[in-house]
Protein chains: 2
Amino acid sequence: MDIDMIEISKALSNETRLNILLWLKDPEGNFPPQGGCLNEPVDLKGGVCVSSIQAKANLSPSTVSNYLDTLQRAGLLLSERHGKWTYYRRNEETIKALAEFVKEAL
Amino acid sequence: MDIDMIEISKALSNETRLNILLWLKDPEGNFPPQGGCLNEPVDLKGGVCVSSIQAKANLSPSTVSNYLDTLQRAGLLLSERHGKWTYYRRNEETIKALAEFVKEAL
DNA sequence: TTTACATATTGACAATTCTCGAAATGTGTG
DNA sequence: CACACATTTCGAGAATTGTCAATATGTAAA
């Protein structure tokens, strides 16, 4: 596991993006229940759809979509599509590797 | 000790600034001996003067001075003036607090 | 005090990021 | 198929950042 510290720092240097990452630590506490409208029960793995995040962030859909992409390209989020929705969740592996890097190498 | 995660992330989102922070982990290994020209022996505490950092970064003095200021305002560096020189060194307290934040709160 | 040097500040322009609305794409439903 | 809806992509203008040369400031030496 190796991380791109520059891309991660860029991703975290915006308050909304930082908040999204923090909100996703507690999806149940921060967002309405996800996937209730799906017929088939699928494992969303704590993922939250773009529109829920957009409502909380209070920015335009395109901006939020862009932010989520930035976080994903930095390796901090993972996404999975189910039907019409894309569910984003934290990539704990990268976040752990980041913590390790900051503690040991920075 | 509380840190400004946004300002810290901005400071670290530039390769040269990140490198400066890393270089300063090992001043003796990365820079020429400091303070040799001073008459009075002063404790530089591992600090390195701007021109040494500038030479290694290979950017203009004003850019490097600006970068060092950015790192200092984020709390990642400390500076101390001795004669004509300003010596910059890591602020380990903030860096430790950052590591703690990333590990526990991010 | 004149000079030389280390650093900081200013002003400018290029490059990047922020953010939106509009348009495009993907997907389920009538 | 036609429509509605979730999301992404595109295009654009505003705001911020990167970077330099020129200038200013502070300090030591001659």
Side-chain angles (χ1 to χ4, degrees), chain A residues 4 6-20 31-42 44 47-74 77-89, chain B residues 4 6-20 31-42 44 47-74 77-89:
Chain A
D4 184 336
I6 301 294
E7 286 310 308
I8 288 176
S9 297
K10 284 184 187 174
L12 297 180
S13 69
N14 171 286
E15 183 149 26
T16 301
R17 284 192 301 258
L18 177 57
N19 280 329
I20 289 171
F31 300 99
Q34 300 291 308
C37 44
L38 292 175
N39 293 339
E40 320 227 348
V42 290
L44 301 177
V48 176
C49 71
V50 179
S51 25
S52 293
I53 298 171
Q54 188 251 316
K56 192 163 177 88
N58 206 29
L59 289 167
S60 76
S62 58
T63 298
V64 172
S65 180
N66 180 22
Y67 281 2
L68 292 168
D69 186 55
T70 298
L71 286 162
Q72 183 169 28
R73 270 184 291 123
L77 293 185
L78 294 169
S79 74
E80 206 165 314
R81 183 139 200 171
H82 290 282
K84 298 197 283 191
W85 295 272
T86 306
Y87 295 88
Y88 284 89
R89 65 183 194 275
Chain B
D4 184 337
I6 300 294
E7 286 309 307
I8 288 175
S9 297
K10 283 184 188 173
L12 296 179
S13 68
N14 170 286
E15 183 149 26
T16 301
R17 285 192 301 257
L18 176 58
N19 279 331
I20 289 172
F31 301 98
Q34 300 291 309
C37 44
L38 294 174
N39 293 339
E40 320 226 347
V42 289
L44 301 178
V48 176
C49 71
V50 178
S51 27
S52 292
I53 298 171
Q54 188 252 316
K56 191 162 179 90
N58 206 29
L59 290 167
S60 76
S62 58
T63 297
V64 172
S65 181
N66 179 21
Y67 281 3
L68 292 168
D69 186 55
T70 297
L71 286 163
Q72 184 169 28
R73 270 182 292 113
L77 293 185
L78 294 169
S79 73
E80 207 163 314
R81 181 140 201 172
H82 289 282
K84 296 197 285 191
W85 297 272
T86 305
Y87 294 89
Y88 284 89
R89 64 182 194 278

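The figures here come from the full heavy-atom set of this structure, side chains too, leaving out hydrogens, waters and symmetry mates. We name chains A, B, ... by the order of the sequence lines, and we start the count at 1 in each one.
Atom CH2 of Trp85(B) is separated from atom C1' of dA29(D) by 11 Å (rounded to the nearest Å). Between the CG atom of Leu68(A) and the P atom of dT8(D) there is a distance of 7 Å, rounded to whole Å. Atom CG in Asn14(A) sits roughly 16 Å away from atom P in dA15(D) (whole-Å rounding). As rounded to whole Å, 10 Å separates atom P of dT9(C) from atom CZ of Arg73(B). Nucleotide dT8(D) holds its C1' atom 12 Å from the CD atom of Gln72(A), rounded to whole Å. The distance between atom CD of Gln54(B) and atom P of dT7(C), rounded to the nearest whole Å, is 9 Å. The interatomic distance linking Arg81(A) (CZ) with dT8(D) (C1') rounds to 9 Å, in whole Å. Taking atom CD of residue Glu15(B) and atom C1' of nucleotide dT16(C), one finds them 16 Å apart after rounding to whole Å.
With hydrogens and angles left out, the side chain of Ser62(B) and the base of dA21(D) share a donor-acceptor pair within 3.5 Å.
Between the OG1 atom in Thr70(B) and the CG atom in Asn14(B) there is a gap of 8.5 Å [rounded to 0.5 Å]. Separation of atoms CD1 (Ile53(B)) and CG (Leu59(B)) is listed at 12.0 Å; rounding is to 0.5 Å. In this structure, Ser52(B) OG and Tyr88(B) OH are separated by 13.5 Å, a value rounded to the nearest 0.5 Å.
In this structure, Tyr88(A) reaches the dT8(D) phosphate: one of its side-chain N or O atoms is under 4.0 Å from OP1 or OP2. For Ser65(A), no side-chain nitrogen or oxygen approaches OP1 or OP2 of dA6(D) to under 4.0 Å. Dashed line: the shortest gap from a side-chain N or O of Arg17(B) to OP1 or OP2 of dG18(D) is under 4.0 Å. Taking side-chain N and O atoms only, Asn66(B) has no distance below 4.0 Å to OP1 or OP2 of dG18(D). Taking 4.0 angstrom as the limit, Lys10(B) places a side-chain polar atom (N or O) nearer than this to OP1 or OP2 of dT17(D).
Remark: the backbone N or O of Lys10(B) is paired with a side-chain donor or acceptor of Ser13(B) at under 3.5 angstrom. Judged by distance alone, with hydrogens and angles left aside, the side-chain atoms of Arg17(A) form no donor-acceptor pair with the main-chain N or O of Asn19(A) at under 3.5 Å.
Residue-level contact check: Thr63(A) touches the bases, meaning some heavy atom is under 4.0 Å from a base atom.
In the set dT7(C), dT7(D), dC5(D), the nucleotide with an atom closest to the side chain of Ser51(B) is dT7(C). Taking only side-chain atoms of Ser60(B), from C-beta outward, the nucleotide of dG26(C), dA21(D), dT8(D) with the closest atom is dA21(D). In this structure, the nucleotide among dT7(D), dA6(C), dC20(D) sitting nearest to the side chain of Leu59(B) is dC20(D).
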